[in-house]
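Take a look at the structure below.
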Amino acid sequence: MNSELRTHPYNPGEIEPRWQARWEELGLHTADLHASDKPKFYLLTMYPYPSGDLHIGHWSIIAPTDVAGRFKRMHGYNVFFPFGFDAFGLPAENAAIKGGIHPRDWTYGNIATMRRQVKLIGAALDWSKELITADPSYYRWNQWLFLRFMEQGLAYRQMAPVDWCPKDLVVLAREQVLGADRVCWRCGTQVIKRDLEQWFFRTTKYADELLSYQGLRYPEPLKVMQTNWIGRSEGAEISFKVADQSGAEIRVFTTRPDTLFGATFMVLAPEHPLVDALTHPDNKAEVEAYRFEARRKSEIDRLSTDREKTGVALGAQAVNPISGERIPIWIADYVLSTYGTGAIMAVPAHDERDFEFAQRFSLPIRVVVASTDVVPDMMDTAFVAHTPDEVLVNSGDFSGMPAPEGAKAITAKLEGAGQGKSAVTYRLRDWLVSRQRGWGAPIPVVYCEEDPSCGMVAVPDDQLPITLPDDIEKWPAQGNPLETHATWKHTSCPSCSGKGRRETDTMDTFVDSSWYWWRYLDPTKEDGPVDRALNEAWCPVEQYTGGAEHAVLHLMYARFFAKALNDLGLVHEREPWKRLFNQGQILGEDGERMSKSRGNVQDPDALVARYGADTVRLFLMFMKPWAADAPWNAKGIEGVSRFLRRLWTVTTDPMGKEPGDAESGRLPAGLTAEQTADDLRRMAHRTLKRVTDDHAEFGWNTMVSALMELNNKLVRLRGSEIAGGDAWDETVRLTLLMLAPMAPHFAEELWSRRLAARGEEWASIHTQRWPEYDPALVATDQVELPVQVNGKLRDMITVATGTPAAQIESLVLGREKVRGYLEDAEVVRVIQVPDRLVNVVTKPK
RNA sequence: GCCGAAGUGGUGGAACCGGGAUACACGUCCGACUUAAAAUCGGAUGCCCGCAAGGGCAUGUGAGUUCGAAUCUCACCUUCGGCACCA
């Protein structure tokens with residue numbers, strides 16, 4: 001501990017553990033979930049993965065969230081603010097492989113450490129409902145929910161091309177593959193494609209509903225990200241008959257049915273199922289070679305947008321259903337098998353990619369949409385812009401129609417002929433949930449090895465949980481330990497009792513985090529995952545806080561779960577939380593992301609040892625707007641540390657004097673004691689209004705500044721005639737109450753001393769009501785008005801609020817400074833914003 | 001390339017509805033206290049000109065709207081985040 005804290009009487013190292021123990025003893029933070037006397041407020045912050053180290057980033061989520069909860073408590077709410085651990089996951093397995101320790105032991109050891117570290121924050125967390133997802137009492141219900149999903153067709157198993165991380169040896173959900181480099185979200189290794197039989201959750205069932213954010217307070221950018229991820233496109237599905245005797249049809253999806261007359265060729269994805277049947281014998285060798293290449297190429301090569309287009313013709317033709325025209329069929333890897341129908345009609349005149357392809361292979365380009373902006377003969381790029389004046393051309397009977405109407409008319413015509421219909425397509429894919437790992441919730445399915453008619457059998461509810469084996473001595477570096485375990489996967493078929501083999505895939509850890517807040521309500525419940533009565537009483541969650549990095553991961557999966565569980569009748573709501581806040585990141589002092597390898601990590605334990613938890617909390621709130629990213633500043637924390645010590649000083653010793661303080665003990669020049677006291681009270685109540693208002697938008701940084709300003713005022717008045725008087729005392733009382741949510745130990749200590757000094761019975765400051773400001777004191781009776789001449793500040797006047805405009809005008813025009821500007825000019829008009837500003841507008845004479 | 005967020009002193013940031021730009025804090029400088037240092041207390045601190053009074057210029061750049069723009073509009077630049085041939 002440094003010298004200033006040793007010498008100063010404020011000693012957080014002594015105060016904080018003492019009060020934390022006392023609060024726990026009183027059960028101050030344990031919510032009675034069945035109480036009905038108070039309004040309820042479910043406050044949730046993202047539970048952490050127990051990596052072993054609590055870092056300052058965790059603090060910057062938990063501490064301000066705690067402030068919000070404490071503020072609500074002081075308004076009489078029954079606040080439920082639980083905590084737990086997202087305990088399954090790969091780091092534990094990696095530790096097991098490296099250190100020879102069972103993932104369970106590693107994880108639970110880390111949890112013990114982190115629990116102690118979280119408690120240092122002094123947050124009003126309800127630990128009585130703590131849950132750990134790696135506990136069978138939790139993942140049992142993952143399995144139970146999985147079975148219900150299977151029954152509803154929300155969980156299914158399918159062979160599909162999937163993303164595989166060659167380092168972690170698992171498949172990944174589409175959302176877990178990041179960036180253009182297509183790397184694993186966890187380890188950063190580039191993924192590869194594999195065809196594998198995997199489990200999926202049918203997230204696409206709720207694609208449309210997920211697009212609606214009605215009644216939700218989410219950050220706008222997050223809504224945009226989710227909306228883009230879901231990627232809804234409206235258009236038409238159109239069938240092109242193949243021009244042979246096979247009767248085969250190629251279905252395409254297009255957002256531009258209005259351009260159908262401009263389709264001059266078709267392109268299938270190389271993996272399209274019709275390719276073999278359509279390939280002309282003469283083209284076979286070339287097509288095979290192309291498909292082989294396409295398969296060999298990594299996804300990154302295929303998806304690179306600046307790559308030159310490639311493709312080969314199949315030697316077959318299709319018939320345009322609207323014009324009867326015959327057009328060639330190609331395959332090219334710029335068409336994706338996983339989107340739409342895996343085939344497109346190519347309209348080079350009105351699509352950039354098709355244009356490029358047509359140019360490369362000298363295919364015809366026909367303009368069918370024209371506007372004043374397009375000169376058809378001189379196209380060097382596709383015309384895709386939507387202009388209000390565009391009309392169809394070269395489009396038979398449809399020529400002359402405005403493009404949007406043409407799209408509708410063409411679709412209608414096709415529909416009549418049974419060759420098309422309007423259609424909607426999404427980018428969103430179903431969620432791939434199975435993982436080939438040994439530290440996760442086992443998927444509750446058995447494959448019968450005796451009776452083929454049994455096949456895949458769901459494990460009956462009464463056989464849950466299927467627990468993980470805990471006798472794995474050495475965690476295998478390669479492969480799934482459930483697969484290689486001597487006995488674990490061997491079981492009997494629940495259907496025929498013959499020999500059976502367990503599913504050895506486990507669930508994605510995002511399944512765990514998709515429903516944990518419901519389990520918090522009753523984490524030991526034995527007869528179901530969620531207590532329905534408590535769910536109705538407490539959900540949806542009022543406020544959820546956490547990082548934005550989960551925008552299309554956890555935050556979308558959880559919304560899917562809310563809809564699925566609602567459909568199952570398990571919860572009463574369809575959206576999990578009403579309001580969501582994404583806090584920003586604290587960067588290292590070098591402005592880079594904090595990481596051990598960079599050596600720029602701030603250790604919260606060390607900071608607490610040096611400054612105390614209250615100072616760290618306060619600094620986290622003061623240093624930046626909550627949503628912003630900003631670098632840590634080791635010097636900056638001294639400012640809030642100083643603030644608390646000064647507040648301690650003025651509170652405990654109002655009449656004292658600091659060394660070298662010549663000004664000390666004097667009232668402000670020209671003011672009486674009465675006026676000074678009045679000013680102080682006004683400032684205290686104005687501060688109370690500012691702080692109260694700032695809570696609504698989580699404006700922590702300005703809230704702390706306001707308290708600092710008020711404190712500076714007290715420091716200036718220390719030792720003066722009014723120090724320790726009524727106005728002073730009221731100011732101190734309000735300051736402590738305002739500070740209580742932010743610096744709970746500090747405020748509690750001074751509050752208890754204050755009560756003792758007044759001979760009043762002790763009651764925790766955290767059970768006090770939030771004070772209300774006096775509107776009369778907040779209102780001003782005099783204002784200082786800036787006076788502008790032609791928009792430039794030239795003078796200031798002080799007037800009573802509500803002074804009539806005419807009176808102000810004559811006052812302003814009579815001011816010496818203003819008159820100086822009027823010598824060579826005449827007044828055109830005088831603009832007044834009541835109580836804000838006066839602006840004299842002139843023009844030269 | 002597309003989508004989103006953001007650019008304000010030496011630094012983190014404030015400025016609510018278009019109305020005093022730079023609150024609060026860090027840092028720096030000067031002073032007090034001290035044998036001295038630390039701590040503490042007081043003062044100064046956007047840039048330029050000026051002894052001063054005062055004046056001019058400043059919110060990424062350039063235009064525009066307005067009596068008045070950090071704030072609104074358009075174009076552009078930079079940084080960060082997301083997406084990445086999605087038909």
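Values below: all heavy atoms of this structure, side chains included; hydrogens, waters and symmetry mates excluded. A, B, ... follow the sequence lines: proteins, then strands. Residue 1 opens every chain. What you see is a predicted model, and the numbers here were worked out from it, not measured in a lab.
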Only distances under 3.5 Å count here; give the side-chain donor-acceptor pairs of residues 648-655 of chain A to other protein atoms, sequence neighbours excluded, each with its distance to 0.1 Å.
from: T649(A); atom 1: OG1; to: H8(A); atom 2: NE2; distance (Å): 3.1
from: T649(A); atom 1: OG1; to: R645(A); atom 2: O; distance (Å): 2.8
from: T651(A); atom 1: OG1; to: L647(A); atom 2: O; distance (Å): 2.6
from: T652(A); atom 1: OG1; to: W648(A); atom 2: O; distance (Å): 2.7
from: D653(A); atom 1: OD1; to: G656(A); atom 2: N; distance (Å): 3.2
from: D653(A); atom 1: OD2; to: R718(A); atom 2: NH2; distance (Å): 3.1

(message) Given the ring of F357(A), does K309(A) sit roughly above its face, with NZ or CZ under 6.0 Å from the centre of the six-membered ring and within 45° of the axis?
(response)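 Because its charged atom misses either the 6.0 Å distance or the 45° angle limit, K309(A) does not stack over F357(A).
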Nucleotide opposite [N] in a Watson-Crick or G-U pair, distances under 3.5 Å:
N: rU35(B); answer: none
N: rC17(B); answer: none
N: rG64(B); answer: rC72(B)
N: rU11(B); answer: rA25(B)
N: rA87(B); answer: none
N: rA58(B); answer: none
N: rG42(B); answer: rC30(B)
N: rA5(B); answer: rU79(B)

(request) State which of rC57(B), rA87(B), rG56(B) makes the closest approach to the side chain of R794(A). (result)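 Of rC57(B), rA87(B), rG56(B), rG56(B) is nearest to the side chain of R794(A).
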(request) Kindly point out which of rC67(B), rG12(B), rA87(B) is positioned nearest to the side chain of T254(A)? (result)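 Selected nucleotide: rA87(B).
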(request) Tell me, yes or no, whether the heavy-atom count around R360(A) atom CZ, taken from other residues, nucleotides or ligands under 6.0 Å, exceeds 12. (result) yes
(message) Please report whether the ring centroid of F746(A) lies less than 6.0 Å from that of Y10(A).
(response)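 They qualify: ring centres under 6.0 Å apart.
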Less than 4.0 angstrom between a side-chain N/O of [X] and OP1 or OP2 of [N], yes or no?
X: Y821(A); N: rG55(B); answer: yes
X: K817(A); N: rA53(B); answer: no
X: R645(A); N: rU40(B); answer: yes
X: Y339(A); N: rA87(B); answer: yes

To the nearest Å, how far apart are [X] [atom1] and [N] [atom2]?
X: Q583(A); N: rA5(B); atom1: CD; atom2: C1'; result: 16 Å
X: Q176(A); N: rC83(B); atom1: CD; atom2: P; result: 13 Å
X: W185(A); N: rG82(B); atom1: CH2; atom2: P; result: 14 Å
X: D694(A); N: rA14(B); atom1: CG; atom2: C1'; result: 11 Å
X: R593(A); N: rG81(B); atom1: CZ; atom2: P; result: 9 Å
X: K657(A); N: rG42(B); atom1: NZ; atom2: C1'; result: 11 Å
X: D653(A); N: rU40(B); atom1: CG; atom2: C1'; result: 13 Å
X: M655(A); N: rC41(B); atom1: CE; atom2: P; result: 17 Å

(message) Expected output is a numbered-order residue list: members of residues 220-229 of chain A with a heavy atom under 4.0 Å from any atom of RNA chain B. What is it?
(response)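 P221(A), V224(A), M225(A), N228(A), W229(A) - these, ordered by number, are the residues of the stretch whose heavy atoms sit under 4.0 Å from the strand.
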(request) Please test E638(A) against R610(A) for salt bridge (charged side-chain N to carboxylate O under 4.0 Å, His left out), starting from the C-alpha separation and ending with a verdict. (result) CA-CA 11 Å; E638(A) 296 287 347; R610(A) 177 158 183 198; 3.7 Å; yes
(request) Walk me through it: do E293(A) and R291(A) pass the test salt bridge (charged side-chain N to carboxylate O under 4.0 Å, His left out)? (result) CA-CA 5 Å; E293(A) 266 304 295; R291(A) 293 177 86 190; over 6 Å; no
(message) Strictly under 4.0 angstrom, non-hydrogen atoms only: write out the protein contact profile of nucleotides 18-28 of chain B, one letter per nucleotide from the 5' end, B, S or -.
(response) -BB--BBSSS-
(message) For E784(A), give me all partners under side-chain hydrogen bond (donor to acceptor under 3.5 Å, both in side chains), at least two apart in sequence or on another chain.
(response)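 Here no residue qualifies.
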(message) Could you work out, with side-chain hydrogen bond (donor to acceptor under 3.5 Å, both in side chains) as the rule, every residue matching W431(A), not counting sequence neighbours?
(response)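 Residues passing side-chain hydrogen bond (donor to acceptor under 3.5 Å, both in side chains) with W431(A): D508(A).
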(message) Any carboxylate oxygen within less than 4.0 angstrom of a Lys/Arg side-chain nitrogen, looking at R251(A) and E249(A)?
(response) no
Show me the side-chain donor-acceptor pairs of residues 619-631 of chain A shorter than 3.5 Å, one per line, residues at least two apart or across chains.
from: K624(A); atom 1: NZ; to: W626(A); atom 2: O; distance (Å): 3.2
from: K624(A); atom 1: NZ; to: A628(A); atom 2: O; distance (Å): 2.6
from: W626(A); atom 1: NE1; to: S60(A); atom 2: O; distance (Å): 2.9
from: D629(A); atom 1: OD1; to: Q585(A); atom 2: N; distance (Å): 2.6

(message) Just verifying a value: how many Å separate H550(A) NE2 and M225(A) CE, rounded to the nearest 0.5 Å?
(response) 11.5 Å
